[in-house]
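Heads up, the thing below is written out as structure tokens.
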Protein chains: 2
Amino acid sequence: MKTIPEACCTLDLSSSEQEMLLGMFKALSNPVRLEILKFLITHPGCITGNIVDHLPVAQSTVSQHLKVLRDSGWIQGTTKGPATCYCLDEEKIAWFKRKIGEIFLL
Amino acid sequence: MKTIPEACCTLDLSSSEQEMLLGMFKALSNPVRLEILKFLITHPGCITGNIVDHLPVAQSTVSQHLKVLRDSGWIQGTTKGPATCYCLDEEKIAWFKRKIGEIFLL
DNA sequence: CTGCTAAATCGGACTTATACGATATAATGG
DNA sequence: CCATTATATCGTATAAGTCCGATTTAGCAG
């Protein structure tokens, strides 16, 4: 027999927060993007070309992945002449960690 | 000119840990699965049918998503008669939070 | 303005993920 | 053993993601 259990607690997460979270999870659901993020953790301020040299994929592919990481909030890119310099987006990452902590109060 | 910056730090993450992390990110990269997880946070111990009633998708689809969430480590299912009772996998979630903290030491 | 370097975007083949209905499995009650 | 209830799995159509080479955009030096 199906008995719907009572909610044991509430969970407030606005739809924009949920969308943000979903985007951040989606961005890191790809092994190449996780590798790029790992590389940027140990090599902050790298340019696209450094990342291309470090990975076995084409330049255009890396560029697409960087866009996903930028759009989702994990990294920030700043133009330095003809190159683009990438760093972690510390504010968004701190937000992510905080939200995960709030959602999973174990 | 491309100058490869020095690594500013190390990041030790075994390949099995990385795979685990990737699987957990991948699992929550889908809006239906995020919704299921949210429901299980507020309604621990629900059975599949409760989740099916709560979402606008077919039973077979929910069952597939539950499998992904189980395989990735977010939830645990225990058989209770003909039904399956789902809860968060607190140990794995704690591991996830810890790893995220270790990786992003901001 | 021209040439050079770095990165981004486009177009397309190919792979993977998601959804559904139909069917199979599994426990329980009569 | 048969019917019922609850899930899980299968087959498959459609949608989304990934990759590459080719091209475009953008900054800078001469």
Side-chain angles (χ1 to χ4, degrees), chain A residues 1-5 19 22-40 43-87, chain B residues 1-5 19 22-40 43-87:
Chain A
M1 176 101 293
K2 282 198 283 188
T3 314
I4 301 160
E19 216 171 311
L22 193 66
M24 291 185 86
F25 274 109
K26 191 174 286 192
L28 288 199
S29 71
N30 174 286
V32 177
R33 286 194 293 267
L34 184 55
E35 210 57 60
I36 291 174
L37 199 70
K38 276 175 55 194
F39 185 71
L40 286 174
H43 298 78
C46 266
I47 63 173
T48 309
N50 299 143
I51 302 167
V52 173
D53 293 346
H54 184 249
L55 293 172
V57 290
Q59 177 269 322
S60 58
T61 305
V62 170
S63 193
Q64 282 181 323
H65 283 308
L66 285 168
K67 179 170 168 47
V68 174
L69 288 170
R70 251 188 292 122
D71 292 349
S72 61
W74 287 104
I75 66 174
Q76 276 182 325
T78 55
T79 303
K80 287 272 166 59
T84 311
C85 205
Y86 286 99
C87 284
Chain B
M1 178 100 295
K2 282 197 285 187
T3 315
I4 300 161
E19 216 171 311
L22 193 65
M24 292 185 86
F25 274 109
K26 191 174 284 191
L28 288 199
S29 72
N30 175 285
V32 176
R33 287 195 292 266
L34 183 54
E35 209 58 59
I36 291 174
L37 198 69
K38 275 174 57 192
F39 186 72
L40 286 174
H43 299 78
C46 266
I47 63 173
T48 310
N50 300 142
I51 301 167
V52 173
D53 292 345
H54 184 250
L55 293 172
V57 291
Q59 177 269 322
S60 58
T61 306
V62 169
S63 192
Q64 280 181 322
H65 283 308
L66 285 168
K67 179 170 167 51
V68 174
L69 287 170
R70 250 188 293 122
D71 291 348
S72 61
W74 288 104
I75 66 174
Q76 275 181 324
T78 55
T79 303
K80 287 276 166 58
T84 312
C85 205
Y86 286 100
C87 285

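Chain identifiers are assigned alphabetically (A, B, ...) following the order of the sequence lines, protein sequences preceding nucleic acid strands; residue numbering begins at 1 within each chain.
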Item to check | Contact letters for nucleotides 23-30 of chain D, in which S counts primed atoms plus P, OP1 and OP2 and B counts the base, heavy atoms under 4.0 Å | outcome: ----SS--
Checklist entry - Just how far, in rounded Å, is C1' of C:dA17 from CG of B:D71? => result 15 Å
Item to check | Whole-Å distance separating the OH atom of B:Y86 from the P atom of D:dT7 | outcome: 8 Å
Checklist entry - Tell me the salt bridge (charged side-chain N to carboxylate O under 4.0 Å, His left out) pairs involving residues 25-34 of chain B, sequence neighbours left out? => result none
Checklist entry - Got a sec: does the NZ of A:K67 have more than 12 other heavy atoms crowding it under 6.0 Å? => result no
Checklist entry - Base, sugar-phosphate, or nothing for B:V57, non-hydrogen atoms under 4.0 angstrom? => result sugar-phosphate
Checklist entry - How close or far is atom P of D:dA8 from atom CG of B:L66, stated in whole angstroms? => result 7 Å
Checklist entry - Is A:S63 touching bases, backbone alone, or none of the nucleic acid, heavy atoms closer than 4.0 Å? => result base
Item to check | With sequence neighbours excluded, residues passing side-chain contact (heavy atoms from CB on, under 4.5 Å) with A:E19 | outcome: none
Item to check | Gap between atoms CG and P, on B:L55 and C:dT18 respectively (whole Å) | outcome: 15 Å
Checklist entry - A:L22 CG to C:dA17 P: how many Å, rounded? => result 16 Å
Checklist entry - Is there a donor-acceptor pair closer than 3.5 Å between any side-chain N or O of A:N50 and the backbone N or O of A:I47? => result yes
Checklist entry - Excluding sequence neighbours, so at least two apart, what forms side-chain contact (heavy atoms from CB on, under 4.5 Å) with B:Q64? => result none
Next on the checklist: Listing request: all side chain to side chain donor-acceptor pair (under 3.5 Å) pairs with a residue in residues 75-86 of chain A, at least two apart in sequence or in separate chains.
Outcome noted: A:R70-A:Y86
Checklist entry - How long is the line joining CG of B:L28 and C1' of C:dT18, in whole Å? => result 16 Å
Checklist entry - Passes side chain to side chain contact (heavy atoms under 4.5 Å, CB included), A:V52 versus A:T61? Steps please. => result CA-CA 9 Å; A:V52 173; A:T61 305; over 6 Å; no
Checklist entry - Going through the checks in order, is the side chain to side chain contact (heavy atoms under 4.5 Å, CB included) test met by B:L66 and B:I51? => result CA-CA 10 Å; B:L66 285 168; B:I51 301 167; 4.0 Å; yes
Checklist entry - Once you round it to whole Å, what is the distance between P of C:dA19 and NZ of B:K67? => result 17 Å
What's touching nucleotides 15-18 of chain D from the protein side, N or O pairs under 3.5 Å?
residue	atom	partner	partner atom	Å
D:dT18	OP1	A:N30	ND2	2.8
D:dT18	OP2	A:R33	NH1	3.1
D:dT18	OP2	A:R33	NH2	3.3

Next on the checklist: Considering every strand and a 4.0 Å limit on heavy-atom distances, what is the contact class for B:S60: base, sugar-phosphate, or nothing?
Outcome noted: base
Item to check | Below 4.0 Å: OP1/OP2 of C:dA8 and any side-chain N or O of A:T48 | outcome: yes
Checklist entry - Between C:dA17 atom P and A:F25 atom CZ, what is the distance in whole Å? => result 18 Å
Checklist outcome for this item: Looking only at heavy atoms, the pair that brings B:V57 and B:V62 closest together is CG2-CG2, 3.5 Å
